[in-house]
Asks: 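Attaching a single structure in structure tokens format; questions to follow.
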Amino acid sequence: MTSGYAHPEVLCETDWVASNLKNGSIRILEVDYDPENAYRQGHVPGAHLVWWKRDINDPVRRDIINKQQFEALMSRVGATPDTELVLYGDFNNWFAAFAFWVFQYYGHKKLKIMNGGRKKWELEKREYTKDEPTVQPTKYVARPPDEGVRAYMPDVRRAIERAEQTVLVDVRSPKEFTGEITAPPEYPMEHAQRGGHIPGAKNIPWAQAVNDANGTFKSADELKALYEGKGVTPDKHVIAYCRIGERSSHTWFVLKYLLGYPSVRNYDGSWTEWGNMIGNPIEK
Ligand SMILES: O=S(=O)([O-])[S-]
């Protein structure tokens, strides 16, 4: 169900994907945390693999891919700036939402997330294949980055000073928020140097926006109650953050597209940058 969302066009249902698979009008990308236990076990027919660690994150610079790397990725999957890309993945679309944010940043606007991701496709026992698609590489030229979707450390400093106008949303687990642990509990990620959170941030874990049973997004009314109940209202500028900006991409997507908040940015430097910078104020 996509009704009630501010921008339902950025979501598609599994039925819609299944019926458009064969006509070649869409390009499907599976974005995984762990391809060995996801894409390589079988995927939606025609889906290309995007592995967050290799394809959308630069391990040397410890940053998102640069414009040239983005163009190379789009070229590899045979996309042009006009290609409609459907993203889905493991872990309730955690990494698919991260790809959505990175692709938006580099100006690719024709994007949809398949509601429910791998989980729902599997639950519905739909067709899977292990065959990897082959396509003719394209020459993709990205648009200039859209800085309107990204927040940087100075933006966060300003947000702390202007708390009546801007709200920071920490989407990590409560234990990361309080500083008891310094990496997501479920997965072997690198740890930040210090524990805690950015002063004044509200803790709303990202997965609260998802129905655990099938990985789909909660209804617009449920999402509204969740965020507005914690003071994250559409009249404020919102900055979402997590450890390195992946889970917070999911919350960015929910607030910007499903609820239609006018001013939402993802701080991908996130806790790893803020907390590791000695001198930055923190709370526990
Ligand atoms: O999602 S994450 O960047 O916090 S690992």
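Heads up: numbering here begins at 1 and tracks the sequence. Ligands are counted one by one from 1 in listed order, and the atoms in each one are counted from 1 as well. Computation of the quantities below employed the complete heavy-atom set of this structure, encompassing side-chain atoms and omitting hydrogens, waters and symmetry-equivalent molecules. Source: prediction; values computed, not measured.
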Asks: Looking at D221 and K224, does any basic side-chain N land under 4.0 Å from a carboxylate oxygen?
Replies: no
Asks: Test of understanding: with side chain to side chain contact (heavy atoms under 4.5 Å, CB included), list the residues that count as partners of R126, not counting sequence neighbours.
Replies: T14, D15, A18, W121, E124
Asks: Taking side chain to side chain contact (heavy atoms under 4.5 Å, CB included) as the test, write out the residues that go with Q136, two or more places apart.
Replies: none
Asks: Assign the ring pair Y267 / W274 to parallel, tilted or perpendicular, where the plane angle (0 to 90°) is split at 30° and 60°.
Replies: perpendicular
Asks: Compile the protein residues with any heavy atom at a distance under 4.0 Å from an atom of ligand 1; present them by chain, then by number.
Replies: W94, P184, M189, C242, R243, I244, G245, E246, R247
Asks: Would you mind listing every ring-ring contact (aromatic ring centres under 6.0 Å, His included) that reaches into residues 147-173, with sequence neighbours excluded?
Replies: none
Asks: Taking the six-membered ring for Trp, are the ring centroids of Y261 and Y227 within less than 6.0 Å of each other?
Replies: no
